[in-house]
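Structure, as structure tokens:
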Amino acid sequence: MPVARPETSDARVIAHVDMDCFYVQVEQRKQPELRGLPTAVVQYNEWQGGGLIAVSYEARKCGVKRSMRGDEAKAACPEIQLVQVPVARGKADLNLYRSAGSEVVSILAKSGKCERASIDEVYLDLTDAAESMLADAPPESLELMDKEVLKSHILGISRKDGDDFEESVRDWLCRKDADRRDKLLSCGIIIVSDLRKQVLKETEFTCSAGIAHNKMLAKLASGMNKPAQQIVVPYAAVQELLSSLPIKKMKQLGGKLGTSLQTDLGVDTVGDLLQFSETKLQEHNGSNTGTWLWNISRGISGEEVQGRLLPKSHGSGKTFPGPRALKSLSNVQHWLNQLSEELSERLSSDLEQNKRIASTLTLHASAFKSRDSDSHKKFPSKSCPLRFGVTKIQEDAFNLFHAALREYMGPFGSKPQGNKQETWRITGLSVSASKIVDIPSGTSSIMRYFQSQSTVPSRSVDGCVQDHVVTPSASEGCSEQISTETQAAVIPEEDTGVTYTLPNFETPDKDVDLVSEKVSALSSHYSKAYNKPFLEV
DNA sequence: CATTGCTGGAAC
DNA sequence: GTTCCAGCA
């Protein structure tokens, strides 16, 4: 992310909207009796009461923190309500929170350019809306100001004057001698206050927001007063804000990069960066990161709000910690089947709701070797063209795993060397789908085809959690060329005469038009995705 | 090798 | 294409 981008010439109005302890709010909406109680959302609960992933502000008051175990939270706050995330196919199912996040996005997206930054965070570019308001109905012209607007925070204006504070906010918003930048931000405050009100009304969720001239400052601000509050960062307040800000509070500097700035350059606050020349920062951090650091220390960040309302990838994963580590291929296959099922379900939803489809399937795993010195070796990731349909994804995921496992184990495979059996343990598996493209418009039958592929087949074999010997056939049939060719059907394309091989294409019906439509849609889809014909023969 | 399960982005 | 980093529920 640290990549240099200069500020654009004209002042923008950018908002960052962040839902308050989002998963807790989602659960409290479902179970309103939990509202106002110290509440946390936990994943699983068998081992030490599960892991906390979201904590209400009531619970935070008694010292409950995210990443605590459920048992710890109970000890710190005996009256805490622990809600479990739903489980499906033996793993945490986050779909409830994903769709709640989508509700919020679809409300906020009406206001202007909108970027879904995470499941519960959104950036808005409100420049146009603010300019319109400034031209048509500037704050100073308003007879009555919404009461919520006056609860806004203004960085640089003291808040402790309790009673007349709201009056000072009104004064600031309506100053006639303010410069244009401040006036635009004032409009931003009113717009965002209204949006937050709308979100609350339509979803029952509260959120906090930061309003500033760029994404970095808006994001920084949204976290300063939570929950259910908003704050603006006027241009005049930027220097002071950054000068004393601990470097680790900045997005992107909370990890190793921030640590290296502290230890290598003695930089503790963003202001400390100001004394270094751009060249010096580049020498220590590379040219992109160096320029980026030079800019952000001055509050400069030209990153644009991407008009993107949907995620760029889908993933489904699970860890197998400690003694739960997987040690047989059939157990790995079982879990890959579960993960692939969930992934496939989400791909089907994406297709149905958004008319788009992923084109790459990737498998990630983490592993260690027992009884071996270099047990720290990374388990390689593998990807292949994505074929739509549960069983295909399951098949490909397993083949990718197999290819990666061979690489991980080296040329001798799992053959015993001497007496000791060199055995692998899998501690994490995930399958993900990326490079999502829109389905060409005017092809509804391709959708019907994909949808016909997306049914979960009923299988009796599926409950094989216990380890057992793997059949030889399961270990064969995969190499560099994954399995895509084995069941391929070759379909000639009418116009060009070029022939494509479509993996596992069963031509389920005799409708010629339907088939050719599938082919042209698929081939253009894959041509775009891979910049070459898909598996040309 | 007990936070876990996601996302996005840049480096390589 | 793969790896690593980072952030956040």
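Below, read A as the first sequence line, B as the second, and so on, with proteins coming before strands; counting in each chain starts at 1.
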Within 45 degrees of the ring normal and closer than 6.0 Å to the centroid, is that where the cationic atom of R324(A) sits relative to F320(A)?
no
Please state whether the phosphate of dG8(B), meaning OP1 or OP2, lies under 4.0 angstrom from any side-chain nitrogen or oxygen of S313(A).
yes
If we require ring centres under 5.5 Å and near-parallel planes under 30°, does F22(A) stack on dA9(C)?
no
Within the 4.0 Å heavy-atom criterion, would you say S67(A) contacts the bases, only the backbone, or no part of the nucleic acid?
base
Check whether any side-chain nitrogen or oxygen of R346(A) sits under 4.0 Å from OP1 or OP2 of dT7(B), and answer yes or no.
yes
Say you pick atom C1' in dC1(B) and the same atom in dA9(C); how far apart are they, in whole Å?
24 Å
OP1, OP2 of dG8(B) versus side-chain N and O of R116(A): anything below 4.0 Å?
no
Just the rounded figure in Å: distance from P of dT2(C) to NE2 of H364(A).
9 Å
When rounded to whole Å, the CD to P distance for the pair Q282(A) and dA11(B) reads 13 Å
Report which part of the nucleic acid K65(A) touches: base, sugar-phosphate, or nothing (heavy-atom distance under 4.0 Å, all strands).
nothing
For nucleotides dG7(C) and dT3(B), find the distance between their C1' atoms and express it as a whole number of Å.
15 Å
Report which part of the nucleic acid Q48(A) touches: base, sugar-phosphate, or nothing (heavy-atom distance under 4.0 Å, all strands).
nothing
Report yes or no: do E27(A) and Y97(A) form a side-chain donor-acceptor pair below 3.5 Å?
yes
Just checking S316(A): base, sugar-phosphate only, or nothing, at a heavy-atom cut-off of under 4.0 Å?
sugar-phosphate
For T39(A) and E58(A), does a side-chain donor sit closer than 3.5 Å to a side-chain acceptor?
no
Please state whether the phosphate of dG1(C), meaning OP1 or OP2, lies under 4.0 angstrom from any side-chain nitrogen or oxygen of K435(A).
yes
Take atom CG of L52(A) and atom P of dT4(B), then tell me their distance rounded to the nearest Å.
13 Å
Under 4.0 Å, counting only non-hydrogen atoms across every strand here, what does D18(A) touch: a base, just sugar-phosphate, or nothing?
sugar-phosphate
May I ask you to evaluate whether K256(A) reaches the phosphate of dC5(C), defined as a side-chain N or O under 4.0 Å from OP1 or OP2?
yes
So does Y44(A) get a side-chain nitrogen or oxygen closer than 4.0 Å to the phosphate oxygens (OP1/OP2) of dA2(B)?
no
Quick check on dC8(C): is either OP1 or OP2 less than 4.0 Å from any side-chain nitrogen or oxygen of K219(A)?
yes
NA contact type, L94(A), heavy-atom cut-off 4.0 Å: base, sugar-phosphate, or nothing?
sugar-phosphate
Could you state the CG-C1' distance from N288(A) to dC5(C), rounded to the nearest angstrom?
15 Å
Give the C-alpha distance, both sets of side-chain angles, the deciding distance and a yes or no for side-chain hydrogen bond (donor to acceptor under 3.5 Å, both in side chains) between H364(A) and S381(A).
CA-CA 5 Å; H364(A) 296 275; S381(A) 299; 2.8 Å; yes
Between dT4(B) (P) and Q84(A) (CD): distance, integer Å:
15 Å
Shortest non-hydrogen contact from K91(A) toward G317(A)
CE-O, 3.1 Å
Side-chain N,O (T319(A)) to OP1/OP2 (dG5(B)) below 4.0 Å
yes
Tell me what F320(A) touches on the nucleic acid: a base, only sugar-phosphate, or nothing, going by heavy atoms under 4.0 Å.
nothing
For P380(A), report the nucleic acid contact type (base, sugar-phosphate, nothing); a contact means any heavy atom under 4.0 Å.
sugar-phosphate
Between S208(A) and D20(A), do the side chains contain a donor N or O and an acceptor N or O under 3.5 Å apart?
yes
Given atom CE of M216(A) and atom C1' of dG7(C), what is their separation to the nearest angstrom?
17 Å
Indicate, with a heavy-atom threshold strictly under 4.0 Å, whether F368(A) touches base, sugar-phosphate, or nothing.
base
For A54(A), which contact category applies under a 4.0 Å heavy-atom criterion: base, sugar-phosphate, or nothing?
sugar-phosphate
What about R66(A): does its side chain form a donor-acceptor pair under 3.5 Å with the base of dA9(C)?
yes
What is the distance from CG of L257(A) to C1' of dA10(B), rounded to the nearest Å?
12 Å
For Q252(A) and dT7(B), what is the distance between atoms CD and C1' respectively, to the nearest whole Å?
13 Å
Any carboxylate oxygen within less than 4.0 angstrom of a Lys/Arg side-chain nitrogen, looking at R89(A) and E345(A)?
yes
